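So the structure is just underneath, and the comments pick up after that.
Please read these numbers as outputs of a predicted model, since none were measured by experiment. Per chain, numbering begins at 1; letters A, B, ... match sequence-line order.
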Protein chains: 2
Amino acid sequence: MKLLDIAEVAHSTGMAASRLRFYEEKGLIGSIGRRGLKRLFEASVLERLSLIALAQTAGFSLDEIAGMFDETGRPRLDRVQLSAKADDLDQTIRRLGALRDGLRHAAACPAPSHMECPTFRRLLKGAAESRRRRWVEDLG
Amino acid sequence: MKLLDIAEVAHSTGMAASRLRFYEEKGLIGSIGRRGLKRLFEASVLERLSLIALAQTAGFSLDEIAGMFDETGRPRLDRVQLSAKADDLDQTIRRLGALRDGLRHAAACPAPSHMECPTFRRLLKGAAESRRRRWVEDLG
DNA sequence: CTACGACTTCAAGCCGACTTGAGGTCAATG
DNA sequence: CATTGACCTCAAGTCGGCTTGAAGTCGTAG
C-alpha cells in the first residue's frame with residue numbers, strides 16, 4: 001500500500017498542507033508514521049478526506065465529523081442520523097430551489113425596480129424566515 | 001409613515017438589536033433619526049432586512065450586499081450577478097441532491113460498512129471537488 | 001560533507017458575522 | 001422630581017476554520 005507524504009496528499013486533494021495538519025490535530029485524519037520529520041499517510045486518507053469534504057458540504061462542523069469515526073477510524077455513520085440528514089437536505093434543496101427561481105426571475109424581470117416586482121417581493125417574504133446560517137446550523 | 005424603534009424592528013424580524021446596530025454601522029440599513037437616544041427606522045427597513053436576508057441565503061457576504069444599494073438606498077441589483085448567483089445555486093442544488101440521495105442510500109444500504117458500498121464511494125468522489133466553504137465563497 | 005529546500009512545531013493572526021459587557025443617557029411612570 | 005428600564009456607545013470577545021510566521025530539523029543533491 002503506497003504511502004503518501006503531506007505534499008502529495010495536499011496536491012491530490014487541493015487542500016493546503018496546513019489544513020491537513022490542522023485536521024490531524026483535530027483527530028479527523030491520522031498519519032501513520034514519519035520519514036524523517038515528514039508525515040506519511042496511507043492512501044486511504046484520500047478517501048477519508050473526501051468523506052470529510054462530503055460531510056462539510058452537508059453542513060456538519062469539523063467537530064461533528066470527528067464524531068463520525070470510531071476508534072479504529074472506520075466511519076460509524078448512524079443510519080437514522082443519515083436519513084434525518086437527508087430530510088434536512090431535502091428542505092434545504094427546496095428552499096434553494098425557490099431562491100434560484102426567484103433570482104432568475106429577478107434577473108429577467110422587466111419591472112423597473114426589483115421592489116416593484118411581485119415575484120421578487122414574494123421571494124423576500126420567504127427569505128425572512130430562512131437564512132443561510134440558520135439552515136446550515138440546523139443541519140447539525 | 002410609521003416609524004419603528006429598534007425593539008419593534010428586532011421583534012418583527014427576529015433579529016437581535018445588536019445585529020441591527022451592527023448592520024447600521026456597516027451601512028446596510030439606515031435609521032432616520034432618534035427619539036431621545038433610540039434609533040427610529042422607517043417601516044421600509046423591514047423590507048430591506050428581508051432583502052439582506054435573501055441575499056445572505058443566496059450566499060452573498062454582508063460587504064457584497066452593502067454594494068447592492070445605491071446612494072438613495074434603492075436596491076441596484078445587477079441582473080448579470082443575479083443570474084450568475086442563480087447558476088451557482090443550481091450547482092449547489094444538484095450537488096446537494098446527489099448528496100441527499102447518497103445519504104439515503106447509505107442509510108438503507110446493506111453493506112457492512114459504508115466504505116464498502118459502491119454507491120457511497122461514488123458519492124465520495126463527487127464530494128471531493130465541491131466543499132461547502134468553497135461553494136459559499138465561490139458564490140461571491 | 002555541506003547546503004538546500006521541503007518539511008516540522010507552536011503560537012499567533014485573520015475573517016465573517018455577530019454578541020457581550022461596562023458604563024452612560026434618556027423618556028416615561030409613580 | 002427621582003427612579004426605572006430600555007436603549008445607547010465603544011471596545012473587546014467568540015466561534016469556526018483555517019493561514020501565517022518564526023525558528024528548527026531532516027534527507028538528498030551536488
Side-chain angles (χ1 to χ4, degrees), chain A residues 3-41 45 49 52-68 127 130-140, chain B residues 3-41 45 49 51-68 130-140:
Chain A
L3 298 183
L4 308 171
D5 70 22
I6 199 170
E8 292 170 311
V9 175
H11 180 256
S12 61
T13 58
M15 298 178 182
S18 61
R19 185 168 172 190
L20 298 172
R21 280 181 220 114
F22 176 70
Y23 280 4
E24 187 182 21
E25 199 179 342
K26 280 231 147 190
L28 286 165
I29 58 177
S31 56
I32 118 172
R34 300 283 174 122
R35 171 160 50 236
L37 284 182
K38 301 184 184 182
R39 286 163 179 75
L40 292 175
F41 296 95
V45 78
L49 286 168
I52 292 169
L54 176 61
Q56 275 193 305
T57 303
F60 291 95
S61 72
L62 293 183
D63 284 353
E64 288 172 322
I65 295 169
M68 291 179 183
S130 54
R131 294 171 303 93
R132 183 180 51 83
R133 288 190 63 79
R134 184 163 211 64
W135 60 258
V136 166
E137 282 164 10
D138 284 352
L139 292 174
Chain B
L3 298 183
L4 307 170
D5 70 21
I6 198 171
E8 293 171 310
V9 176
H11 181 257
S12 62
T13 59
M15 298 179 182
S18 61
R19 186 168 171 189
L20 297 172
R21 280 187 276 290
F22 176 70
Y23 280 5
E24 188 182 20
E25 199 178 342
K26 280 232 147 190
L28 285 165
I29 58 177
S31 55
I32 112 171
R34 299 283 173 121
R35 171 160 49 237
L37 283 182
K38 300 184 183 181
R39 285 163 178 78
L40 291 176
F41 296 95
V45 78
L49 286 168
L51 184 50
I52 292 170
L54 176 62
Q56 275 193 303
T57 303
F60 290 94
S61 72
L62 293 183
D63 283 353
E64 287 171 322
I65 295 168
M68 291 179 184
S130 55
R131 295 168 303 93
R132 183 180 53 82
R133 287 191 63 79
R134 185 163 207 65
W135 60 255
V136 165
E137 283 164 9
D138 285 353
L139 291 173

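Contact of the Tyr23(A) side chain with the Leu62(A) side chain is registered, since non-hydrogen atoms from C-beta on lie closer than 4.5 Å. Side-chain contact between Leu20(A) and Leu49(A) is present, with heavy atoms from C-beta onward closer than 4.5 Å.
Summarising the geometry, the separation between CD1 on Ile65(B) and C1' on dA17(C) is reported as 11 Å, rounded to the nearest angstrom. Going from atom CG of Leu49(B) over to atom P of dA17(C) covers 15 Å, rounded to whole Å. For the pair Ile29(A) CD1 and dC18(D) P, the interatomic distance rounds to 11 Å; values are reported in whole Å. Regarding Ile52(B), its CD1 atom lies at a distance of 14 Å from the C1' atom of dC18(C), rounded to whole Å. When the P atom of dA17(C) is taken as reference, atom CG of Asp63(B) falls 7 Å away, rounded to whole Å. Distance Glu25(B) CD to dT19(C) C1': 13 Å, rounded to the nearest Å. Look at CE on Met15(B): it is 13 Å from P on dA17(C), rounded to the nearest Å. If you measure from atom CG of Leu4(B) to atom C1' of dC7(D), you get 16 Å, rounded to the nearest angstrom.
With dG17(D), dC18(C), dT19(D) as the candidates, the nucleotide lying closest to the side chain of Ser61(A) is dG17(D). Among dG17(D), dA17(C), dC18(C), the nucleotide with an atom closest to any side-chain atom of Arg19(B) is dC18(C).
Minimum interatomic distance between Ala10(B) and Ala17(B) (heavy atoms only, all atoms of both residues): CB-N, 4.2 Å. The minimum heavy-atom distance between Leu4(A) and Glu8(A), with the atom names listed, is CA-OE1, 3.2 Å.
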So which protein N/O to nucleotides 1-11 of chain C N/O distances come out below 3.5 Å?
residue, atom, partner, partner atom, Å
dT8(C), OP1, Arg39(A), N, 2.9
dT8(C), OP1, Arg39(A), NH1, 2.9
dT8(C), OP2, Arg21(A), NE, 2.9
dT8(C), OP2, Arg21(A), NH2, 3.0
dT8(C), O5', Arg39(A), NH1, 3.3
dT8(C), O3', Arg34(A), NH1, 3.2
dT9(C), OP1, Arg34(A), NH2, 2.9
dT9(C), OP1, Arg39(A), NH2, 3.3
dT9(C), OP2, Arg39(A), NH1, 3.0
dT9(C), OP2, Arg39(A), NH2, 2.5

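In this structure, Leu20(A) and Gly36(A) both approach DNA chain D, and ranking their closest nucleotides by distance from the 5' end singles out Leu20(A).
Comparing the axis of the opening five pairs of the helix from dC1(C)-dG30(D) to dG30(C)-dC1(D) with that of the closing five pairs yields an angle of 20°, rounded to 10°.
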- prompt: How far apart are the C-alpha atoms of Phe60(B) and Met68(B), what are their side-chain angles, what is the distance that settles it, and do they pass the side-chain contact (heavy atoms from CB on, under 4.5 Å) test?
  reply: CA-CA 10 Å; Phe60(B) 290 94; Met68(B) 291 179 184; 3.1 Å; yes
query: Could you go step by step and tell me if Leu40(A) and Ile6(A) meet the side-chain contact (heavy atoms from CB on, under 4.5 Å) rule?
result: CA-CA 7 Å; Leu40(A) 292 175; Ile6(A) 199 170; over 6 Å; no
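Between Tyr23(B) and dC18(C), a side-chain N or O to OP1/OP2 separation shorter than 4.0 Å is present.
Under the side chain to side chain donor-acceptor pair (under 3.5 Å) criterion, the residue pairs touching residues 24-34 of chain B are Glu24(B)-Ser31(B), Glu24(B)-Arg39(B), Lys26(B)-Asp63(B), with sequence neighbours excluded.
The side chain to side chain contact (heavy atoms under 4.5 Å, CB included) test with Ile52(B) singles out one residue from Val45(B), Thr13(B), Ile65(B), and that residue is Ile65(B).
A distance of 11.0 Å separates CZ in Phe22(A) from CD1 in Ile29(A), rounded to the nearest 0.5 Å.
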